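This report refers to the structure that appears directly beneath it.
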Amino acid sequence: MVITRFAPSPTGYLHIGGLRTALYCYLWARKCGGKFLLRIEDTDLARNSKEAADAIVEAFKWVGLAHDGEIVYQSNRFELYKTYVQQLLDEGKAYKCYMSKEELDTLREEQSARKERPRYDGRYRDFTGTPPHGVEPVIRIKAPLEGMIVLHDGIKGEVHFNVADMLDDFIIARSDGTPTYNFVVTIDDALMGVTDVIRGDDHLSNTPKQIVIYNAFDFAIPKFFHVPMILNPDGKKLSKRDGATDVMDYEKEGFLPETLLNFLVRLGWSHGDQEIFSMEEMLEWFDPNSINKSASAYNQEKLLWLNAHYIKEISIERLVELLKPFGVDISLHGNKERLVEMLRERAKTIKEFAVMVQQIIEAPNSYDEVAVQKCITSETKALLSAYQEALHVSTPTQGAEVFTKAFLESKGAKLKDLAPALRIAMVGTAVSPAIFDVLEVIGFNDVQERIQKLLSTLKE
RNA sequence: GGCCCCAUCGUCUAGCGGUCUAGGAUCCCGCCCUUUCACGGCGGUUACAGGGGUUCAAAUCCCCUUGGGGUCACCA
């Protein structure tokens, strides 16, 4: 059985890169009928926060990635880790090191002065004497001194590490007794039965250390998939300054969860020329072995395009619901289907969509000056006025198009003589959906009122 | 700096020795549709980082250079 895990450290919100690895983990586990576990790496007591862990769960919920089982919090497992540290101590595979931080710093300075790689010199590796007073020891693992560690990565292929220039006896427990990252990751992955570790390739150089730990315990080494980073549009590492990288910001900006998932799955992975993937299709085709080896840049335009695509696809009911958080409730609007249909194909985000809806359902409070300059003349005003009068005399029983064209014919005018001015009266700008649709959604009564309003505003 | 990873249009990518005068998508630019803006349709500009090999044949394999990125903690 395939067991994957997503193991963020709760130092902030869930960002888009994290979501992508989570998605990959999720997809692979689900596809294989396995399990997708969630573990919060909060061993650094000073930096973790409950809010951050909650934020991750919230983001998962929004995009619909469900993890299996209980969330594992590493901060609850210190006692467990201690027993494993002790085991290594008992077996002589780890030892106490009494070197002080100051001594370590000096050593490192000397080494870099000699242009050597800073590394622990192993001075307590075989120490049997009396330990110095007043120093709480750290626990270091006995790492191999020479040889190669070969990692078979599902994405990068075979990666060779020369132990001599890669490893030293690294710390597995701090002087306060708390275990360090590489140790707990390995213990947890092994204990949780993780078979496939899918994570960012910034962890690639940690892997040899973890392999040392797997070997010390005789744990089975899982498959590794180190997925390349997501870069910002300038090709640098993606950071907060590059706009919305908090997953929940995408909701606030009017993106759909399926947009984000589809966008992310295609960033670094592909299935021929296919661009649009439903969750079912992702599950059908995704394979971490075919993730790209190179980093990919975040591309907002493609995200917008995808979002526009999904806005055109989803149900009217859902769209109506999605609009509510943006302050627009059209659930009781008599013509909501028509309203949604005429606007959905021009909105790239729900946020934009809401603005457009607002423009239709509420009479304009102001009029775009440039548009007024350009489209309103004494002739068009007269025509508008006559049109309003015609509506007033008898509310049309036929459609807006039929009525309007008949009106225009009787006046010997063309649609383009009336439409721009009418549009300004309806929405306040020179841009809107097809004018007849707008008219019908607004309704003839309100159409009259809006014309009246424009005309009287223009008089002032 | 040491170690590691990476390198096809601006971007996401297809390609896994011949079917490549390199395909799709996005962006951009035209044209069509049209009452405006979009949508849609059609068309166009744009890429194998450079240099050496291997081979009858290389975007595809190897090496070097260059360029990017990651990592080197009693952080995760």
Side-chain angles (χ1 to χ4, degrees), chain A residues 7-11 41-44 46-48 74 97 99-101 104-105 108 112 115-119 136-140 151 153 155-157 159-162 164-168 170-182 184-185 200-208 226 228-229 231 233 235-237 263 266-276 290 292-306 308 312 342-348 356 371 375 401 404 414-424 427 429-436 438:
Chain A
S9 61
T11 49
E41 312 233 318
D42 53 356
T43 52
D44 186 358
R47 293 205 306 174
N48 73 65
Q74 292 188 323
C97 168
M99 200 172 181
S100 69
K101 273 182 196 166
L104 235 187
D105 287 344
R108 285 207 259 254
S112 42
K115 292 201 162 64
E116 287 171 18
R117 180 174 73 88
R119 56 163 7 210
E136 280 304 317
V138 297
I139 314 290
R140 310 189 88 112
L151 162 66
D153 191 277
I155 296 170
K156 308 284 188 183
V159 186
H160 300 253
F161 297 97
N162 188 350
D165 51 40
M166 194 65 210
L167 287 177
D168 60 6
F170 57 94
I171 294 173
I172 58 173
R174 304 178 184 97
S175 45
D176 66 1
T178 58
T180 57
Y181 170 73
N182 285 115
V184 295
V185 166
D201 74 359
D202 48 340
H203 285 98
L204 192 60
S205 49
N206 278 326
T207 311
H226 286 98
M229 306 275 89
L231 273 21
K236 305 286 181 202
K237 194 179 181 183
F263 175 73
R266 271 299 271 106
L267 208 57
W269 175 83
S270 62
H271 181 253
D273 288 336
Q274 190 170 345
E275 296 288 346
I276 306 295
S290 54
N292 267 203
K293 298 164 101 142
S294 53
S296 36
Y298 176 84
N299 181 209
Q300 181 80 4
E301 274 126 19
K302 195 143 186 181
L303 215 216
L304 283 165
W305 169 74
L306 264 174
K312 284 175 214 136
M342 76 186 190
L343 290 174
R344 74 189 322 174
E345 65 191 24
R346 54 229 308 138
K348 287 200 185 325
M356 293 178 189
C375 308
E401 181 160 4
T404 307
K414 292 275 170 48
L415 181 57
K416 65 174 189 242
D417 302 323
L418 176 67
L422 195 50
R423 181 169 283 119
I424 292 171
V427 299
T429 71
V431 174
S432 86
I435 191 68
F436 300 127
V438 172

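Remember, predicted model here, so these are calculated numbers, not experimental data. So you know, we letter chains A, B, ... as the sequences are listed, proteins then strands, and number each from 1.
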field: Min side-chain heavy-atom separation Phe263(A)-Tyr298(A) under 4.5 Å
entry: yes

- prompt: Between Lys348(A) and A38(B), does any side-chain N or O lie under 4.0 Å from OP1 or OP2?
  reply: no

message: Which nucleotide, if any, forms a Watson-Crick or G-U wobble pair with U66(B), using both distances under 3.5 Å?
response: A7(B)

task: Record whether the side chain of Ser432(A) comes under 3.5 Å of the base of C37(B) through a donor-acceptor pair of N or O atoms.
output: no

message: With a 4.0 Å cutoff (strictly under), does any side-chain N or O of Thr43(A) reach OP1 or OP2 of A76(B)?
response: yes

query: In terms of the nearest nucleotide of RNA chain B, which residue is placed more toward the 5' end: Lys156(A) or Arg140(A)?
result: Lys156(A)

field: Comparing Gln274(A) and His203(A) on RNA chain B - which has the more 5′ nearest nucleotide
entry: Gln274(A)

N/O donor-acceptor pair, side chain Asp42(A) with base A76(B), under 3.5 angstrom: no

message: Let's see if you can work this out: which of U35(B), C74(B), G70(B) has an atom nearest to the side-chain heavy atoms of Ile171(A)?
response: C74(B)

field: Between His226(A) and Thr207(A), a side-chain donor and acceptor under 3.5 Å
entry: yes

- prompt: Atom CD of Glu136(A) to atom C1' of C74(B): distance rounded to whole Å?
  reply: 12 Å

task: Taking the side chain as every heavy atom from C-beta outward, state whether Arg423(A) and Val438(A) have any atom pair closer than 4.5 Å.
output: no

- prompt: Considering Watson-Crick and G-U wobble pairs with both distances under 3.5 Å, what does G1(B) pair with?
  reply: C72(B)

query: Which letters describe nucleotides 7-18 of chain B, given B = protein heavy atom under 4.0 Å from base, S = only from sugar-phosphate, - = neither?
result: S---BBSS----

field: Beyond-backbone contact of Ile171(A) with Tyr181(A), side-chain heavy atoms, under 4.5 angstrom
entry: no

query: Is the count of non-hydrogen atoms from other residues, nucleotides or ligands lying under 6.0 Å from Glu116(A) atom CD greater than 12?
result: yes

- request: Report yes if a side-chain nitrogen or oxygen of Arg108(A) is closer than 4.0 Å to either non-bridging phosphate oxygen (OP1 or OP2) of C74(B); otherwise report no.
  value: yes

message: Test your reading of the model: is there a side-chain donor-acceptor pair from Arg140(A) to the backbone of Ala173(A), 3.5 Å cut-off?
response: no

